[in-house]
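For the numbers below, each heavy atom of this structure counts, side chains included, while hydrogens, waters and symmetry mates do not.
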Amino acid sequence: MNLYAHFSDRIFAALDALKADGTLPGDLDARSITAEPPRDPAHGDVATNAAMVLAKQAKMPPRDLAEKLAAVLGEDDDISNVEVAGPGFINIRVAPAFWPRVLMSVLQQRGDFGRSGIGAGEAVNVEYVSANPTGPLHVGHVRGAVFGDALAALLEFSGFNVTTEYYVNDAGAQVDVLARSAYMRYREALGHDIGDIPEGHYPGDYLKPVGEMLAEKYGEGLLEADETEWLPLVRADAIDAMLMLIKDDLAALDIGQDVFFSERSLIDGATDKVAVTIDELRERGLIYEGRLPPPKGRLPDDWEDREQTLFRATEFGDDVDRALMKSDGTYTYFASDIAYHNDKFKRGFRNMIDVWGADHGGYVKRMQAAVKAVTAGEAALDVKICQLVRLFRGGEPVKMSKRSGEFVTLREVVDEVGPGPVRFMMLYRKNDAPLDFDFVKVTEQSRDNPVFYVQYAHARAYSVFRNTLEVFPDLKPDSLDPVKLKLSLLESEEELSIVKKISQFPRVVESSALAHEPHRISFYLHELAGDFHSLWNRGKELPQLRFINDADRDLTEARIALVSSIAETLANGLRILGVQPIREMR
RNA sequence: GGUCCCGUAGCUCAACUGGAUAGAGCAGCGGACUUCUAAUCCGCAGGUUGCAGGUUCGAGUCCUGCCGGGAUCGCCA
């Protein structure tokens with residue numbers, strides 16, 4: 001159950017009652033009314049701004065309206081106390097008898113606790129990574145990969161119908177470079193001396209197996225061929241090989257997208273989908289031939305003022321109109337990208353989320369403009385920019401040089417610290433803030449390391465379960481009958497406050513999903529873990545608070561139910577983040 | 001120069017899309033192990049939310065202008 005949704009319903013019922021007796025007009029705009037936890041728990045369990053929001057419409061001072069509303073809410077059995085505070089907040093204190101129901105619902109729902117239907121089955125497309133298929137993924141791709149994957153899981157858990165997608169840029173100049181590089185490795189595999197890999201090619205050893213594969217497949221058949229003949233063949237094989245590599249890398253992080261969408265397929269099929277898209281825009285008068293002003297500031301050396309095919313991006317909030325054709329007559333990347341998003345739209349997606357790296361920040365406006373234009377405003381595109389990850393090892397920055405090819409690969413990171421810590425740390429910051437990643441710290445077993453801290457809490461819960469068996473050999477968390485438990489025995493302030501914390505989980509999940517911000521889950525888990533560690537240690541000072549009480553089976557059962565609810569909540573949160581919960585630390 | 005992101009405690013960051021007295025963790029100081037694993041916990045201290053205006057019942061959050069840091073700037077992807 002979602003506590004806040006529950007009381008939100010009660011508040012609206014109370015408003016209906018006030019409408020019925022004429023205190024409030026019948027046609028209220030109640031959209032911005034909220035039911036939320038007050039910042040200070042001393043104020044109560046649920047607070048609503050209803051009176052302040054409605055004061056104007058009711059033509060009544062907010063506090064007066066609040067008093068009337070409070071009087072109605074006071075009648076509710078689930079509410080023990082209602083107070084009007086400050087400018088007109090209504091603070092609700094939930095009846096003590098209500099809290100056991102929260103735990104019962106956790107124990108009944110288990111792995112589904114926090115799941116909701118707010119997405120109402122709506123289709124969402126989440127596109128992420130989409131790195132050029134020219135080599136293994138490097139550390140720069142990790143954050144976007146994890147973010148996109150976790151966001152997709154979060155949306156799925158919240159009732160959206162999610163499709164995850166990878167846009168394969170297999171049509172640009174990069175893949176031709178890839179083909180030429182692979183061709184060199186092909187000659188090498190046939191015993192030719194190729195010397196050093198020249199500038200402008202991909203030097204990495206990962207192309208050697210591709211060369212060998214080509215040698216086996218074609219023998220010497222491509223050696224005498226003209227580049228125009230061999231390039232498409234080699235390119236196709238090389239791209240396939242690179243995609244295998246990339247999928248393997250992603251699998252190491254437990255990521256597998258539903259769709260790998262080929263950019264080339266837009267133009268290679270029976271119809272040129274890019275041309276079709278441009279035509280659609282042209283019919284709406286959004287395409288014209290014209291000149292662009294040169295960029296402000298320093299003029300590029302090769303600036304050439306020329307007439308070109310432009311999209312009226314400025315009509316949709318962009319700063320300048322954007323080019324669709326290169327000077328050699330082929331489509332720009334942007335043109336293909338419009339067609340790609342148009343294709344998503346035609347596949348039924350009204351909600352699109354793109355996860356991009358920091359270097360694409362300047363691309364957001366034009367893409368959103370394009371989506372607005374091509375879908376006539378029917379689809380929404382949210383672009384999540386993931387800022388840079390700075391690598392450290394024991395506080396020292398890790399040097400990276402992309403030019404010399406000495407970049408840190410995704411695989412190296414995952415192999416060294418494991419997928420769980422990588423995933424958690426990548427989600428322990430807001431996506432648009434830079435992130436520090438320390439190889440040493442994330443594997444440390446100390447409270448500085450949030451991954452460990454949360455995992456330790458989960459493992460600790462399972463340690464309690466193991467210890468319980470020594471006193472009550474048949475007392476297992478999954479054999480508890482939620483209905484028969486005497487949960488009202490959980491009456492200490494410490495226990496109650498952690499129950500309240502648990503009750504917030506569904507709300508945290510919902511708001512993270514709607515805001516497209518999975519990091520909120522990580523922070524919540526860290527807090528919940530802290531509360532649990534704290535409660536654990538209280539048992540040392542006050543033995544009557546220990547989870548296991550030899551002399552009182554009912555009390556022990558109730559507390560095991562509480563611990564189990566905590567563990568279940570931690571596990572559900574971790575699973576959304578794609579992190580495997582650990583049951584034993586040693 | 002244009003555009004986008006960021007600026008919150010000494011440091012790293014939260015703040016539930018506008019709510020009440022801005023919260024955590026590190027670092028600092030002082031405490032708690034015959035233990036349900038102290039791999040943890042408790043307490044103290046720490047703030048003009050970069051600056052100046054504006055919007056309203058109410059602003060770290062929205063708007064305008066500055067200051068500082070980062071990213072990006074026809075045809076690369």
Could you go over nucleotides 26-28 of chain B and give all protein N or O partners under 3.5 Å, atom names and distances?
from, atom 1, to, atom 2, distance (Å)
rC26(B), OP1, Arg447(A), NE, 3.3

Point to revise | Partners meeting side-chain hydrogen bond (donor to acceptor under 3.5 Å, both in side chains) with Ser116(A) (sequence neighbours left out) | key: none

Check your understanding: Where the side chain of Asp432(A) is concerned, which of rG19(B), rG74(B), rC6(B) is the nearest nucleotide?
Key -> rC6(B)

Study note, to complete from the structure: Closest to the side chain of His533(A), out of rU40(B), rA15(B), rG19(B), is rU40(B)

Review point. Does Tyr453(A) have a side-chain nitrogen or oxygen under 4.0 Å from the phosphate oxygens OP1 or OP2 of rC41(B)?
Key: yes

Check your understanding: Which residue pairs pass the salt bridge (Lys or Arg N to Asp or Glu O under 4.0 Å) test when at least one of the two sits in residues 430-444 of chain A, sequence neighbours left out?
Key -> Arg390(A)-Asp436(A)

Exercise for review: Check ring-ring contact (aromatic ring centres under 6.0 Å, His included) between Tyr166(A) and all other residues, then give those that pass, not counting sequence neighbours.
Suggested key: Phe260(A)

Revision key, fill the gap. Taken to the nearest 0.5 Å, the spacing of Arg553(A) CZ from Thr556(A) OG1 works out to 8.5 Å

Check your understanding: Under the salt bridge (Lys or Arg N to Asp or Glu O under 4.0 Å) rule, what pairs show up with a residue in residues 42-52 of chain A, not counting sequence neighbours?
Key -> Asp45(A)-Lys500(A)

Point to revise | For Ala370(A), side chain to side chain contact (heavy atoms under 4.5 Å, CB included) partners two or more places apart | key: Phe311(A), Phe334(A), Ile338(A), Met367(A)

Check your understanding: Could you write out RNA chain B as a dot-bracket string, with dots for unpaired bases, | for bases paired across to another strand, and Watson-Crick or G-U pairs counted at under 3.5 Å?
Key -> (((((((..((((.....[...)))).(((((.......))))).....(((((..]....))))))))))))....

Exercise for review: Sequence neighbours left out, what passes side-chain hydrogen bond (donor to acceptor under 3.5 Å, both in side chains) with Ser336(A)? Give chain and number order.
Suggested key: Glu263(A)

Point to revise | Residue pairs passing the salt bridge (Lys or Arg N to Asp or Glu O under 4.0 Å) test where at least one lies in residues 514-526 of chain A, sequence neighbours excluded | key: Glu517(A)-Arg520(A)

Check your understanding: For nucleotides 54-70 of chain B, read 5' to 3', which letter fits each nucleotide if B means a protein heavy atom sits under 4.0 Å from the base, S means only the sugar-phosphate is that close, and - means neither?
Key -> ---B--B----------

Check your understanding: Any side-chain N or O of Thr332(A) under 4.0 Å from OP1/OP2 of rG74(B)?
Key -> no

Study note, to complete from the structure: Separation of rC75(B) atom P from Asp328(A) atom CG, nearest Å, is 13 Å

Point to revise | Results of side chain to side chain contact (heavy atoms under 4.5 Å, CB included) for Ala513(A) - residues two or more places apart only | key: Leu154(A), Leu155(A), Ser158(A)

**Study point:** Partner set under salt bridge (Lys or Arg N to Asp or Glu O under 4.0 Å) for Glu510(A), not counting sequence neighbours
**Key:** none

